[in-house]
Amino acid sequence: MAEFVAERGRLRFERRPAPVLVEHRPVYKISQLLLVLHISSRGGKSTLPRLHLFNWAVKRTDRIQKLVDAAKAKVLQITAWGFDPALAIAIRFAVAEDLVQSTSTGYQLSEKGRNFIVEVLKDPDVFASERILLTEIGKDITEAMVDKVAKGWESA
Amino acid sequence: MNIRAIKLRIVTVVGEFGFKFQFGRGLTVIRGSNSSGKSTLFNCLIYGLGMEELIGGKGVKVLPYAAKDYFLQGETRIQVDVSEVLLELENSSGQVITLRRAIRDSIRHPKLVEVFEGAHLTTGTMMEIPRPTYLFDPGSAQKEEGFFWFLEGFMGFKLPQVPTTSGGMAKLYLQTIFAALTVEQKRGWTDYIANVPFFGIRDARIRVTEFLLGLGVFESQAQRAKLDADSVAIDSDWRKAYDTLRHAATSNGMAIEGLSLTAKSAFDPASVRLVKSNGTSQTSFAEHVSLMRTEHANLGLKAEDYGKVSGAAALQELDAASAELQRLSVLHERATTNLTLQKASLEQLRQLLAEASEDLERNKTALKLRELGAQMEIEVATDQCPTCHQAVADTLLLGIVSGPQMDLETNIEYLDSQRRMLQNQINGALEEIRQSEVAVADLAARLAMTHDYRNSLRSDVSNGASESRAIVRRQIQIELELSNLKSLETQSLSLLATLGEVADRLAANQMARRALPKDVYSSEDLSRIALFEKHFRSNAGSFGYESADINDIRISLDTLTPILSELELREIRTKVQTSLTADSSASDFVRLIWSYLLALYQASSMRGFQGHHPGILLMDEPGQHSMRSTSQHALLQLLSGEAGLQSIVAASFDENESVFLDATAGLKFDLIRWEGKVIQPLT
């Protein structure tokens, strides 16, 4: 190495682009958000903590499986979940794109958002596994279940 | 091929009705006003040829009700009881046949086409026993009883195999060829070769043009397909020999070195070695055999001396055997541990591969979403901020992560290469595991053998027999192994010879592949296409095409259709219409279609060209979009001027005598016309 430097006089470094987690691609995250609102939320509406719960769950199979079980048992056995800044930014983009509208309690799928996600779902390969699990969960993870867990945080 | 005559025969309670017409060998003009039954005649012609898929359907539904249900004779409505079409054809070698196909009949199905020898319509030859052929059902183009198979032979065609959309090969259907010979009125004037029925043939339009122009592409395509099939066979033969050899070697505790799992053209049987491995060191096949022989000989000597040796020597031997046993058991332990580790790392690699594949799938999803998002005008999908319309990076966590980031396409490529790398590593690990398994099995066998040997020694020492059981046992083991190894040797030699042959076949296959033309079209083909282009331009000039400069029009080598600055020529709307009498661009496109279809024949019929155009062209109402009569005249003039071309043109000439006279002035042609309706009492 030392000889190499001596011979060339200097070393040049070039910074190569780093790979990006697919989750951090805006359109991917936004679509995931729309998917949750479309398949697993009543009236296409959800509060923010609930959206974070789903976002946290779809990252790993065991987590989303827990949600499936919770939906069947009607009780949420998860005590805490992560709040992802990427989702927060994605929501801001989605609102700006008019795919999602803010409501007094959270967010709601807009007409444009619904059209987009319906169009997306026409390709069966897109979100293949997420789609199956979210459909299995259906709309059975209710705001009340999420609320109950969140209340526990305050009292602690 | 020539169509000599047509007859529609309708049987009713009040007698026979229908029509019967003869066609000339050159141009025949069918003149009929709009509701006179001109299209009935034209469609019956197509139906009689079994080509009604060109007019959008199978069977009698493409025919007007007059031919199958009822027709009006004056004011009375007459019910059709039985009806059929007869068609008289002559091929290039002068053979004449008459086809009969039922339209409405209680016995004969419309899928049946009867073929009679002789000219029944023009000379009244007796109809003898027909040859029945069938349409549309599977095999109609492949089997001898199929009509399309018959017609193909009658026309002297040998239709090539062409690639299908599903990846296989299929015969180019006769119906697709007829799409370039027959233009019906409704949708026929919408493309150069319109109404090609869908048979799952990839780029059917191009294939038809290639066939009619007699291009050599089919040969090289067929050759390529044959080489592909060969490759598959080569690969499977190689694998079979490889598996047999590996199996034989493994059961003898030998590993194979220098033999690739997949076929290689540069293969030297001498470079393949059978080795015995004990997990740390390797001995070659020959070495191993000679070691065994020496041991056997030594044992023989020992056996002779056995009676004389002392108890001390026997004990020494026992100690040596015990030491060997211990050594082997250590080696075995080590090899087993090694194998377990290798299996664990394989498992890890597999998991990584699964993760990489899943990640890749997700990234592909993201790419699809981006495309769809861009279509639906979601601005983030095109890296634009929806609020301020400035550029934004394609990541949500910019500012948290520093440095340049991959864009989606690069990311996908990156993941894909990662996946391929992992796949290679897995293949390597699998190979290693296979070797280790051989070593472990071999060590286990030797361990068991030494164990038995030591036990025999032990009993030798204790009972003091005059003949050592241990030596005899060991000798038998060695003899058995040597005879197994011998048969392995002969088997491996013959298998290596087989592999050598397979490698030679592969080399020949690769050589033939290299010899195939790199470009789709050979220079011979290119000169044919150039000739076709020349005819096309000259025709377009004669027909008064004026939407673009004819010299700028080329025949595309990708689609074999006319292009202007790399765009397929359709209707051009750039030129401002200067006066009301100027043609619309729609009629200019029709001129291009005329030019195209005629040029196909002209190029194909050139001396020494040997195209496959059968010399027949049927056009229904070519004067679309109020075409100028001078252009129609030019078309008819060119058609009647082609000596070897039979053309049948049905037209109404705007129901105007002067248009008809203008269009046909000074031309030689046969005229078919009638008063009133085309269906009249037959005499």
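Proteins come first, then strands; the chains are lettered A, B, ... in the order of their sequence lines, and each starts at number 1.
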| request: Determine the option with the most heavy-atom pairs under 4.5 angstrom with chain B, choosing from A:V126, A:V20, A:I89. | output: A:V20
| query | Do the non-hydrogen side-chain atoms of A:P17 and B:Q405 ever get within less than 4.5 Å of each other? | reply | no
| field | Residue A:L99 versus chain B: region with a heavy atom under 4.5 Å | value | side chain
| Do other residues, nucleotides or ligands put more than 12 heavy atoms under 6.0 Å from A:K148 NZ? | no
| query | Which of the residues B:D394, B:T410, B:L372 is involved in the greatest number of heavy-atom pairs with chain A at under 4.5 angstrom? | reply | B:D394
| said: Heavy-atom pairs under 4.5 Å with chain A - which of B:V392, B:L408, B:I378 has more of them than the others? | reply: B:I378
| field | Which atoms of B:D383 approach chain A - backbone, side chain, both or neither, heavy atom under 4.5 Å | value | neither
| Taking every heavy-atom pair that is under 4.5 Å apart, which of B:N363, B:L369, B:L367 has the most such pairs with chain A? | B:L369
| field | Shortest non-hydrogen separation from B:A366 to A:V22 and the atoms involved | value | CB-CG2, 3.7 Å
| query | Relative to chain B, which segment of A:D98 carries a heavy atom at a distance below 4.5 Å: side chain, backbone, both, or neither? | reply | neither
| query | Counting only heavy atoms not in A:K112, do more than 12 sit closer than 6.0 Å to its NZ atom? | reply | yes
| request: Could you look at A:E23 and say if it's the side chain, the backbone, both or neither that has a heavy atom under 4.5 Å from chain B? | output: backbone
| field | Other residues, nucleotides, ligands: >12 heavy atoms within 6.0 Å of B:K368 NZ | value | yes
| Heavy-atom pair with the smallest gap, counting every atom of A:A96 and B:T387 | CB-OG1, 3.5 Å
| task | Answer with side chain, backbone, both or neither: which region of B:L415 has an atom nearer than 4.5 Å to a non-hydrogen atom of chain A? | result | neither
| B:V380 side chain reached by A:E97 side chain, heavy atoms, under 4.5 Å | yes
| task | Could you tell me whether the side chains of A:R25 and B:N411 share a donor-acceptor contact shorter than 3.5 Å? | result | yes
| said: Check this for me: B:K226, atom NZ, are more than 12 non-hydrogen atoms of other residues, nucleotides or ligands nearer than 6.0 Å? | reply: no
| request: Kindly compute the distance separating OG (A:S129) from CD (B:E361), expressed to the nearest 0.5 Å. | output: 10.0 Å
| field | CD (B:Q423) with more than 12 external heavy atoms under 6.0 Å | value | yes
| query | Is there side-chain contact between B:P404 and A:R16, with at least one heavy-atom pair below 4.5 Å? | reply | no
| field | Non-hydrogen atoms of B:T365 and A:Y28 that approach each other most closely | value | CG2-CE1, 4.0 Å
